[in-house]
S.K.: 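Here's a structure for you.
Lettering of chains follows the sequences in order, A, B, ..., and the numbering in each one begins at 1.
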Amino acid sequence: MELRGRPQRRQRNRHRRLRAAERELWPNRRRLVPFDSSTSRVRRLACEAADLLRGGSLRYPARSTIHSLGQGGHHAMSTIPYEQSHLYRLRHSAAHLMAQALTELYPGVKLAIGPPIENGFYYDVDLDEPIREDDLPKIEERMRELARLDQPIVKRVARDRDEAQRIILEECTLGQGEETALYKLQLLEAVPDGEEVSFFEQQSSANGKLHRFIDLCRGPHIERTGEIEHFKLMSLAGAYWRGDVKNKQLQRIYGTAFETAEELEQYLNFLEEAKRRDHRVLGRELGLFMSSPKVGIGLPLWLPKGAILRETMIDFLRSEQVKRGYQPVVTPHIASIRLFEKSGHIITFKEKLFPFMEEGEHDTYILKPMNCPFHIEIYSSQLRSYRDLPIRLAEFGNVHRLEQTGEVHGIMRDRGFTQDDAHLFVRPDQLLAEFIGVVELMQVVLNKLGLTDFRARLGTKDPSSDKYVGDDENWALATAAIEQACKQMGLDYEVSPGDAAFYGPKLDLMIRDAIGRDWQMGTVQVDYNLPERFDLEYIGEDGKPHRPIMIHRAPFGSLDRMIGLLTEQYAGAFPYWLAPVQVAILPISDRHVGYAEAIARRLQGFSTPDLQLAQFEGAGDPDVYGLGLLPPGEDRRRIEIDHRRETLGKKIRENQRMKVPFMLIVGDRDMEAGTVGVRSREDGDLGPMSLAGFLDRVEQAG
RNA sequence: GCCGAUGUAGCUCAGUGGUAGAGCAGCUGUUUCGUAAACAGCAGGUCACCGGUUCGAAUCCGGUCAUCGGCUCCA
């Protein structure tokens with residue numbers, strides 16, 4: 001099972017109407033709440049959102065924030081795509097304005113490209129001296145000066161290539177030397193024959209000084225630089241020319257621009273808010289996971305609460321898989337290198353492998369980056385009949401990959417993670433149904449997790465690359481199978497050449513994180529190649545050997561990444577079924593702790609010996625308090641008793657910060673009446689209830 | 001890996017060449033409290049690490065490590 005792909009930063013056209021729904025759902029940095037929450041407010045809002053989004057599946061609001069901000073306020077209700085909007089042109093012109101400032105501040109700078117992007121713009125430049133963050137205010141100030149000159153932006157079309165080349169060499173260089181045209185000449189070469197070659201020029205003279213800038217550019221632009229008022233330079237980065245590490249690394253300056261000051265401010269606020277949703281921050285605050293340099297880069301340690309979250313997710317998926325005929329298997333973390341030579345990993349996946357382990361002179365072992373060869377070994381360990389197929393082998397497998405240091409990102413991209421992997425060995429006549437079955441399972445999983453806003457991506461072979469195994473015919477068959485299944489299910493997808501696994505094409509589900517980066521989550525892959533490499537067989541009805549087809553699939557993708565994503569989507573306020581602590585019981589004073597323990601036992605559905613109980617006379621026996629029998633409910637509710645000697649206010653505050661879905665406050669009145677004071681994460685104080693009444697409430701919360 | 005930035009107490013941060021600071025968390029004591037921070041005291045740091053400059057370095061310089069943002073949005 002291969003998981004690949006860096007975060008995609010693609011411009012996408014989205015539902016602007018979602019903004020309104022989202023503001024309702026997420027005003028003033030309130031956490032997002034899942035749509036399956038029981039609270040009336042949330043339910044009402046969810047219905048409104050669903051109304052707004054009619055025509056598509058209900059989409060989770062987190063995703064659109066950044067983009068809808070990017071659309072700009074008064075365009076929010078318009079239907080034109082971002083790429084055709086005024087804002088897009090404004091940002092494009094802002095990129096030119098920045099380039100103009102750079103040519104004035106750094107004569108001789110070689111300009112490369114400067115497009116508008118989803119949330120702003122950038123310009124890539126080649127400059128001997130490094131641009132540092134301290135330099136940004138200076139560049140920004142020069143941009144403001146130039147904007148104030150309100151230069152008209154004029155389009156010029158070159159008659160032919162020769163003229164275009166002349167303009168680049170003589171005019172775009174602004175007298176700063178022909179070598180500054182280096183990248184522009186390469187860009188001109190890349191323009192297809194017959195396409196119009198245009199330039200955009202802006203100039204003015206102030207106090208006798210001429211300011212001029214002209215750039216090879218497809219456009220379009222706004223009309224005057226004076227319109228560029230609300231912008232900010234954001235950050236610096238290195239970026240390879242044409243995205244290829246073999247090329248020179250250029251300096252990239254990112255900026256953003258908006259049509260109004262309010263929108264700019266709103267966007268900057270959004271980025272601040274997103275920081276608070278960062279799974280790495282929440283992961284520490286909520287006690288989910290940690291990392292330590294003493295352990296190593298990208299090797300997370302899962303803390304008790306994070307581990308419970310993982311187990312809850314695994315339990316859920318495992319039960320769904322049992323329903324669908326999957327069989328669990330367990331395989332080791334390391335294997336002989338020969339196994340992975342045969343699969344092709346050693347050649348195609350080498351740069352992601354941890355260094356090999358030599359075992360004397362006998363053998364060399366590697367830490368597994370994928371589980372497939374093991375499952376293949378299990379399949380081929382016995383003769384299979386056509387009646388046995390499909391065989392579905394599932395494993396929550398821990399894999400290790402040597403991600404580049406700069407690519408490691410919390411638990412979203414780490415070096416040791418758990419895949420909810422499975423391999424289906426199917427007959428050709430079963431392929432379509434099994435593929436559809438997998439996608440159906442993925443939909444069940446995503447619904448349960450509240451992730452309704454995703455897009456599907458069909459990763460296909462990059463024809464110019466040699467990193468793939470297998471012949472073209474197998475690839476064509478596999479790709480066609482995926483396309484057919486999607487068509488049959490009415491699933492829209494985009495095609496992304498070069499994003500296939502090395503052994504076959506794949507359908508990935510892409511979901512956004514808090515600040516708008518797309519991550520590959522679930523994946524399903526059709527593979528004709530590994531069965532061939534491993535010479536897999538089954539005996540057909542005709543008594544002859546046939547070759548099965550493999551489906552690789554992982555609905556979460558990576559358990560680690562999925563938990564990171566969920567943490568950001570929910571801003572740490574996990575739905576009840578996932579919350580590491582579902583109910584916190586808050587005794588008002590010491591004398592209420594025994595009652596709290598009794599409540600805890602009832603809620604846990606069985607008697608749990610608890611060392612802390614010994615301190616409290618009469619504690620732990622629910623009958624002492626007349627709590628009575630409860631209706632059968634979910635076993636093993638995750639309960640915590642906050643028996644610190646702190647004020648109630650403080651206990652509430654801290655449990656709220658830990659995003660515990662329900663608090664039960666118990667004091668004298670409750671001990672007398674056999675009730676609990678219920679407080680919900682979303683709606684606050686709900687007043688006293690019987691335990692049974694509270695559980696009804698919990699049932700609604702799911 | 002590469003470009004840029006950051007690294008001071010468990011956490012969030014102040015401290016720009018002259019005796020290491022605050023809030024929260026922790027510990028101790030007092031308080032036993034009904035819906036988002038009780039009060040007081042105590043303790044806690046090789047200022048990431050190594051080297052250099054200096055009478056003197058958290059602060060200046062060099063290196064290393066780690067973390068953060070970015071590195072196929074293609075005129």
Side-chain angles (χ1 to χ4, degrees), chain A residues 5-12 83 92 95-96 111-122 124 130-136 164 168 172 183-184 186-191 195-200 215-219 234-245 247-254 271 275 278 280-281 284-285 291-294 296-297 351 402-410 462 496-499 515 517 586-593 645-657 663 665-670 677-679 684-688:
Chain A
R6 59 181 65 219
Q8 299 292 303
R9 302 156 192 88
R10 305 179 72 104
Q11 293 151 6
R12 306 216 58 202
E83 289 78 2
H92 202 164
H96 277 214
L111 301 176
I113 58 167
I117 55 175
E118 186 168 358
N119 296 295
F121 60 88
Y122 69 79
D124 282 350
I131 300 172
R132 287 172 306 139
E133 226 154 71
D134 298 344
D135 300 323
L136 294 183
I168 290 171
C172 294
Y183 299 100
K184 295 296 172 187
Q186 290 184 40
L187 290 170
L188 177 65
E189 277 173 33
V191 176
E195 197 171 300
E196 175 186 278
V197 176
S198 59
F199 294 83
F200 282 79
D215 200 3
L216 174 71
C217 182
R218 181 165 50 193
M234 303 297 289
S235 62
L236 293 162
Y240 299 101
W241 169 236
R242 295 197 150 147
D244 189 336
V245 280
N247 291 337
K248 182 167 186 185
Q249 190 169 47
L250 309 176
Q251 302 191 66
R252 174 172 297 181
I253 306 176
Y254 281 99
L271 291 180
K275 272 189 207 164
D278 188 316
R280 292 162 301 190
V281 174
R284 187 184 60 238
E285 286 177 3
S291 62
S292 163
K294 289 172 190 156
I297 298 169
E351 73 282 7
L402 191 63
E403 301 289 351
Q404 293 191 97
T405 53
E407 290 270 28
V408 170
H409 180 84
D462 173 4
S496 181
D499 275 319
I515 61 169
R517 290 180 289 215
L586 279 49
I588 287 172
S589 73
D590 286 352
R591 67 179 176 278
H592 308 121
V593 172
R645 289 176 64 180
E646 291 290 351
T647 57
L648 180 63
K650 183 156 185 166
K651 291 181 182 182
I652 289 172
R653 178 183 164 86
E654 292 186 2
N655 281 285
Q656 189 74 37
R657 277 161 65 135
M663 288 177 236
I665 290 144
V666 294
D668 289 335
R669 299 204 294 263
D670 298 293
V678 179
R679 186 184 169 92
D685 188 4
L686 301 175

S.K.: Looking only at side-chain atoms of Tyr254(A), point me to the closest of A75(B), G70(B), G4(B).
M.R.: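 For the Tyr254(A) side chain, the nearest candidate turns out to be G70(B).
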
S.K.: Determine whether any donor atom in the side chain of Tyr240(A) lies under 3.5 Å from an acceptor atom in the base of G1(B), or the reverse, and answer yes or no.
M.R.: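 Indeed there is one.
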
S.K.: Could you identify the nucleotide paired to A22(B), looking across every strand shown and requiring Watson-Crick or G-U wobble geometry with both distances under 3.5 Å?
M.R.: U12(B)

S.K.: With a 4.0 Å limit, can you tell me whether His96(A) has a side-chain N or O closer than that to the phosphate oxygens OP1/OP2 of A75(B)?
M.R.: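 No, no such contact exists.
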
S.K.: Do the side-chain N or O atoms of Arg517(A) get closer than 4.0 angstrom to the phosphate oxygens (OP1, OP2) of G69(B)?
M.R.: yes

S.K.: Can you tell which of A66(B), A75(B), G69(B) lies closest to the side chain of Lys184(A)?
M.R.: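 Out of A66(B), A75(B), G69(B), the nucleotide with an atom closest to Lys184(A)'s side chain is A75(B).
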
S.K.: Using the C1' atoms only, state how far U32(B) lies from C39(B), rounded to an integer number of Å.
M.R.: 14 Å

S.K.: Below 4.0 angstrom from OP1 or OP2 of C33(B), is there any side-chain N or O of Thr647(A)?
M.R.: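 Checking Thr647(A) against C33(B): no side-chain N or O falls below 4.0 Å of OP1 or OP2.
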
S.K.: Going by the rule ring-ring contact (aromatic ring centres under 6.0 Å, His included), which residues pair with Tyr240(A) if we only count those two or more places apart in sequence or in a different chain?
M.R.: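 If we apply the ring-ring contact (aromatic ring centres under 6.0 Å, His included) test to Tyr240(A), skipping adjacent residues, there are no hits.
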
S.K.: Between C1' on G4(B) and CG on Asp124(A), what's the gap in Å once rounded to a whole number?
M.R.: 14 Å

S.K.: Taking donor-acceptor contacts at under 3.5 Å, does the side chain of Asp590(A) reach the base of U32(B)?
M.R.: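 Such a pair is found, so the answer is yes.
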
S.K.: Take atom OH of Tyr122(A) and atom C1' of G69(B), then tell me their distance rounded to the nearest Å.
M.R.: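 Distance, rounded to whole Å: 16 Å.
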
S.K.: Could you give the NZ-to-P distance, from Lys275(A) to G69(B), as a whole number of Å?
M.R.: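 Roughly 10 Å, once rounded to whole Å.
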
S.K.: Please determine, for the side chain of Glu646(A), which listed nucleotide (A75(B), C71(B), A38(B)) has the closest atom?
M.R.: A38(B)

S.K.: Assign Val197(A) to base, sugar-phosphate, or nothing according to its heavy-atom contacts below 4.0 angstrom with the strands shown.
M.R.: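 Base contact.
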
S.K.: Is the base of U35(B) touched by the side chain of Arg653(A) through a donor-acceptor pair closer than 3.5 angstrom?
M.R.: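 No such pair is found, so the answer is no.
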
S.K.: Please measure how far the C1' atom in A57(B) lies from the corresponding atom in G62(B), and state the result in whole Å.
M.R.: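 15 Å, rounded to whole Å.
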
S.K.: Could you walk me through whether Asp278(A) and Arg280(A) pass the salt bridge (Lys or Arg N to Asp or Glu O under 4.0 Å) check?
M.R.: CA-CA 5 Å; Asp278(A) 188 316; Arg280(A) 292 162 301 190; 2.5 Å; yes

S.K.: Show, in sequence, the C-alpha distance, side-chain angles and deciding distance for Asp668(A) and His592(A), and conclude whether the side-chain contact (heavy atoms from CB on, under 4.5 Å) test is met.
M.R.: CA-CA 7 Å; Asp668(A) 289 335; His592(A) 308 121; 2.7 Å; yes

S.K.: Looking at residues at least two apart in the chain, or sitting in another chain, which of them share a ring-ring contact (aromatic ring centres under 6.0 Å, His included) with Phe200(A)?
M.R.: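 Phe200(A) satisfies ring-ring contact (aromatic ring centres under 6.0 Å, His included) with His221(A) once adjacent residues are dropped.
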
S.K.: Look at the side chain of Ile297(A) and decide which nucleotide, out of C33(B), U67(B), C74(B), has an atom nearest to it.
M.R.: U67(B)

S.K.: Mind checking if Glu189(A) touches a base, just sugar-phosphate, or nothing, with heavy atoms under 4.0 Å?
M.R.: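 Nothing, no heavy atom under 4.0 Å.
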
S.K.: Please report the distance, rounded to the nearest Å, between NZ in Lys248(A) and C1' in U72(B).
M.R.: 20 Å

S.K.: What is the pairing partner of A38(B), taking Watson-Crick or G-U wobble pairs with both distances under 3.5 Å in any strand?
M.R.: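 Because both required distances fall under 3.5 Å, A38(B) counts as paired with U30(B).
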
S.K.: Minimum heavy-atom separation for Ile113(A) and Tyr122(A), please, with both atom names.
M.R.: CD1-OH, 3.5 Å

S.K.: Nearest to the side chain of Arg280(A), which nucleotide is it out of A38(B), C68(B), C71(B)?
M.R.: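 That would be C68(B).
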
S.K.: Between Trp241(A) (CH2) and C74(B) (C1'), how many Å, whole number?
M.R.: 8 Å

S.K.: So what does Glu195(A) touch, heavy atoms closer than 4.0 Å: a base, only the sugar-phosphate, or nothing?
M.R.: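 It contacts base atoms.
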
S.K.: Roughly how far apart, to the nearest Å, are U72(B) and A66(B) at atom C1'?
M.R.: 28 Å

S.K.: Could you check whether Ala239(A) gets within reach of a base, just the sugar-phosphate, or nothing at all, counting any heavy atom under 4.0 Å?
M.R.: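 Sugar-phosphate contact only.
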
S.K.: Between U31(B) and Lys650(A), is there an OP1 or OP2 to side-chain N/O distance shorter than 4.0 Å?
M.R.: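 No, because none of the side-chain N or O atoms of Lys650(A) sits under 4.0 Å from OP1 or OP2 of U31(B).
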
S.K.: Pick base, sugar-phosphate or nothing for His592(A), based on heavy-atom distances below 4.0 Å to the nucleic acid.
M.R.: nothing

S.K.: Distance check, P atoms only: C24(B) and A5(B), in whole angstrom units.
M.R.: 35 Å

S.K.: Whole angstrom is fine here: how far is it from CD1 in Ile113(A) over to P in U72(B)?
M.R.: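 In whole Å, U72(B) P and Ile113(A) CD1 are 10 Å from each other.
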
S.K.: So, is Thr405(A) close to the G1(B) phosphate, meaning a side-chain N or O under 4.0 Å from OP1 or OP2?
M.R.: yes

S.K.: Look at the side chain of Ile652(A) and decide which nucleotide, out of U35(B), A5(B), A25(B), has an atom nearest to it.
M.R.: U35(B)

S.K.: Might you point out which heavy atoms bring Gly667(A) and Ile588(A) nearest each other, and give the distance in Å?
M.R.: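 The answer is CA-CD1, 3.8 Å.
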
S.K.: Checking only heavy atoms, does the side chain of Asp670(A) share a donor-acceptor pair with the base of G34(B) at less than 3.5 Å?
M.R.: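 Yes, a donor-acceptor pair under 3.5 Å.
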
S.K.: Ignoring the backbone of Arg132(A), work out which of A66(B), U35(B), A5(B) is nearest its side chain.
M.R.: A5(B)

S.K.: Is there a donor on the side chain of Arg679(A) or the base of A36(B) sitting less than 3.5 Å from an acceptor on the other?
M.R.: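 Per atom types, the contact qualifies.
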
S.K.: Between C50(B) and A9(B), how many Å separate the two P atoms, rounded to a whole number?
M.R.: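 Result for the P pair: 16 Å, nearest Å.
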
S.K.: By nearest atom, which of the nucleotides G1(B), C33(B), U32(B) is closest to the Ile588(A) side chain?
M.R.: C33(B)

S.K.: Closest heavy-atom contact between Arg218(A) and Ser198(A)?
M.R.: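 In this case the closest contact between Arg218(A) and Ser198(A) is CA-OG, 3.8 Å.
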
S.K.: Could you check which of A37(B), G4(B), G70(B) has an atom nearest any side-chain atom of Pro130(A)?
M.R.: G4(B)

S.K.: I want to confirm an ordering. Mapping Arg284(A) and Val191(A) to their closest nucleotides on RNA chain B, which one lands closer to the 5' end?
M.R.: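 Here Arg284(A) is the residue nearer the 5' end.
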
S.K.: Rounded to the nearest Å, what distance is computed from the CZ atom of residue Phe121(A) to the P atom of nucleotide C74(B)?
M.R.: 17 Å

S.K.: Rounding to an integer number of angstrom, what distance separates U35(B) and A22(B) when you compare their P atoms?
M.R.: 34 Å

S.K.: Where do Arg517(A) and His409(A) land on the side-chain contact (heavy atoms from CB on, under 4.5 Å) test, with the steps shown first?
M.R.: CA-CA 12 Å; Arg517(A) 290 180 289 215; His409(A) 180 84; 3.1 Å; yes

S.K.: Would Ile665(A) and Ile652(A) count as a side-chain contact (heavy atoms from CB on, under 4.5 Å) here? Give the steps.
M.R.: CA-CA 9 Å; Ile665(A) 290 144; Ile652(A) 289 172; 3.9 Å; yes

S.K.: Could you say whether Gln251(A) or Glu285(A) is positioned toward the 5' end of RNA chain B, judged by the nucleotide with the nearest heavy atom to each?
M.R.: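 Closest to the 5' end, via its nearest nucleotide, is Gln251(A).
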
S.K.: Arg218(A) has an atom CZ; how far is it from atom C1' of C73(B), in whole Å?
M.R.: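 Distance check: Arg218(A) CZ to C73(B) C1' gives 11 Å.
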
S.K.: Does Ser291(A) reach a base, just sugar-phosphate, or nothing at all? Heavy atoms under 4.0 Å.
M.R.: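 Counting heavy atoms under 4.0 Å across all strands, no contact is made by Ser291(A).
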
S.K.: Suppose you measure atom P in G15(B) against the same atom in C33(B); what distance do you get, rounded to whole Å?
M.R.: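 It comes out at 44 Å once rounded to the nearest Å.
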
S.K.: Applying the Watson-Crick and G-U wobble criteria at under 3.5 Å, what pairs with U72(B)? Answer none if nothing qualifies.
M.R.: none

S.K.: Could you tell me whether Gly667(A) contacts a base, only the sugar-phosphate backbone, or nothing, with contacts defined as non-hydrogen atoms closer than 4.0 Å?
M.R.: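 Counting heavy atoms under 4.0 Å across all strands, the contact made by Gly667(A) includes a base.
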
S.K.: The side chain of Arg242(A) lies closest to which of these nucleotides: C74(B), G4(B), U31(B)?
M.R.: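 The answer is C74(B).
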
